[in-house]
Amino acid sequence: MRHLLLPILLFCSACLPAQTRVRIRVLDENDRPLKFLRLTMAGNNLPVETESNGEFTLEFPPGKAELIFYPPAEFERISPPNGALILPENKNSTISIWLARKGADNRQLETFTRVLSKKEKEKARLQVENEALKTRLSILETDRQNNRALRDSLETAVRANTGTTTALNREIADLQETVALKQQLFYQKIAGELVVYADRLKDLRDALPRVSDAFIDQRSMARFDKIIGAYNVARDSLLQNHRGNVEIVRVLWGTNPAESLTAVYEQALTTVHQQTVLPLNTTLIDQFRAVRAEEVRPAKARKTTKAAADHAFSQLNTVIAPLEKNIGVALHDLEAALHQNH
């Protein structure tokens with residue numbers, strides 16, 4: 001009985017279905033291999049790790065045609081965006097996946113767009129190749145001297161390309177949905193910054209006729225300081241983000257919306273802030289500091305600040321309406337380009 005046990009076990013193990021092994025290539029947002037990076041597979045508690053070339057071998061369990069992967073916490077999935085790895089028709093092919101480091105929304109959005117374009121080009125190439133293969137098949141079918149082995153090889157290639165195209169269609173749809181969402185969020189971010197800036201600018205203008213009241217007591221001065229601070233925060237947001245925003249708009253939606261946005265930033269940061277608000281800010285802050293330090297009497301500070309406030313109030317009444325109009329035009333152009341792409 002013992003002598004029979006080993007052959008039986010060997011026979012049974014030989015009957016077990018073999019797992020399918022494929023190569024996976026992991027790339028970052030700059031198409032560089034991510035080496036020694038750990039990924040987790042759904043249903044498997046043991047992570048897998050890329051080699052020095054950014055690749056690893058993945059085994060599909062028998063009967064499985066799809067596995068879900070999860071990247072480390074500091075990365076976001078780019079392609080496939082839902083993490084679904086589809087078992088390819090051609091088992092010798094290498095599957096490429098892209099990850100992007102979190103915390104760089106603009107860079108992630110560019111990567112989504114670039115990978116989507118790459119997938120669409122790959123799909124178009126496969127469609128052209130498939131049509132050529134079908135044409136050759138048609139010729140072989142009418143040729144009495146056709147080569148059966150070659151025809152079988154071509155049919156296998158057509159099936160593989162068809163399966164890959166189906167997977168690409170799925171992934172392209174997911175990417176398009178993700179890109180559309182991220183572009184919408186990016187548009188909302190730009191619009192929000194501009195609208196908030198215009199609102200804080202009008203708050204500052206509306207407070208200027210009452211600048212003399214700021215010197216009644218420390219609490220009144222603090223209230224006026226708060227209005228100035230809120231404007232400065234909104235202006236700093238434009239200053240930090242305007243160049244990056246314009247470049248992303250240029251890449252995603254073209255020159256015209258980028259130029260409209262550039263004109264708005266130039267008007268807000270130069271015409272409005274540098275020429276009007278910055279001198280006013282300097283005067284107000286200097287006088288507040290001097291009164292708090294008892295270097296200047298409130299009556300004298302009130303006179304100095306009122307003159308600066310009256311001048312700034314007149315200038316802001318002239319520039320705010322054109323600025324709001326240009327903001328509306330820029331956002332309209334940007335929204336039109338956004339909807340045209342989708």
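Position 1 is the first residue of the sequence; numbering continues from there.
No donor-acceptor contact under 3.5 angstrom links the side chains of S212 and R302, judged on distance only. Side chains of T255 and E259: no donor on one and acceptor on the other come within 3.5 Å. No side-chain donor-acceptor contact under 3.5 Å links N256 and D333. In the model, T156 has a side-chain atom that pairs as donor or acceptor with a side-chain atom of R159 under 3.5 Å. For the 3.5 Å distance criterion, the side chains of R25 and T94 fail to qualify, holding no donor opposite an acceptor.
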(message) Is there a side-chain hydrogen bond (donor to acceptor under 3.5 Å, both in side chains) between D31 and W98? Walk through the geometry before answering.
(response) CA-CA 8 Å; D31 287 341; W98 280 264; 2.6 Å; yes
**Asked** Going through the checks in order, is the side-chain hydrogen bond (donor to acceptor under 3.5 Å, both in side chains) test met by E266 and T270?
**Response** CA-CA 6 Å; E266 179 68 23; T270 302; 3.1 Å; yes
| said: Under the criterion side-chain hydrogen bond (donor to acceptor under 3.5 Å, both in side chains), I'd like the reasoning laid out for D217 against S220: C-alpha separation, chi angles, the key distance, then a yes or no. | reply: CA-CA 5 Å; D217 52 32; S220 301; 2.8 Å; yes
Open item on the list: Could you walk me through whether Y197 and L323 satisfy the side chain to side chain contact (heavy atoms under 4.5 Å, CB included) test, starting with their C-alpha distance in whole Å, then the side-chain angles of each, then the deciding distance to 0.1 Å, before giving a yes or no?
Closed with: CA-CA 11 Å; Y197 174 79; L323 174 63; 3.9 Å; yes
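Using a cutoff of 4.0 Å between basic side-chain nitrogens and carboxylate oxygens, K102 and E76 are not scored as salt-bridged. A salt bridge is absent between K35 and E55; no separation between the charged side-chain nitrogens and carboxylate oxygens falls under 4.0 Å. Under the 4.0 Å criterion applied to side-chain N and carboxylate O atoms, D310 and K306 are assigned as salt-bridge partners.
The six-membered or imidazole ring of H273 lies near that of Y231, with a centre-to-centre distance under 6.0 Å.
With rounding to the nearest 0.5 angstrom, the CD1 atom of I227 is 7.0 Å from the CG atom of D203. The OG atom of S79 sits 8.5 Å away from atom CG of L168, with the distance rounded to the nearest 0.5 Å.
Using a 4.5 Å cut-off between side-chain heavy atoms of Ile, Leu, Val, Met, Phe, Trp and Tyr, Y70 falls into a hydrophobic cluster with I68.
At most 12 heavy atoms of other shown residues, nucleotides or ligands fall within 6.0 angstrom of atom CZ in R38. Within a 6.0 Å radius of CZ in R243, other residues, nucleotides and ligands contribute 12 heavy atoms or fewer. Heavy atoms from other residues, nucleotides or ligands lying under 6.0 Å from CD of Q127 number more than 12.
Using a 4.5 Å cut-off on side-chain heavy atoms (C-beta onward), T305 and F215 make contact. Looking at L99 and L37, their side chains come closer than 4.5 Å, going by heavy atoms from C-beta outward.
A search for salt bridge (charged side-chain N to carboxylate O under 4.0 Å, His left out) contacts involving E66 returns R170, not counting sequence neighbours.
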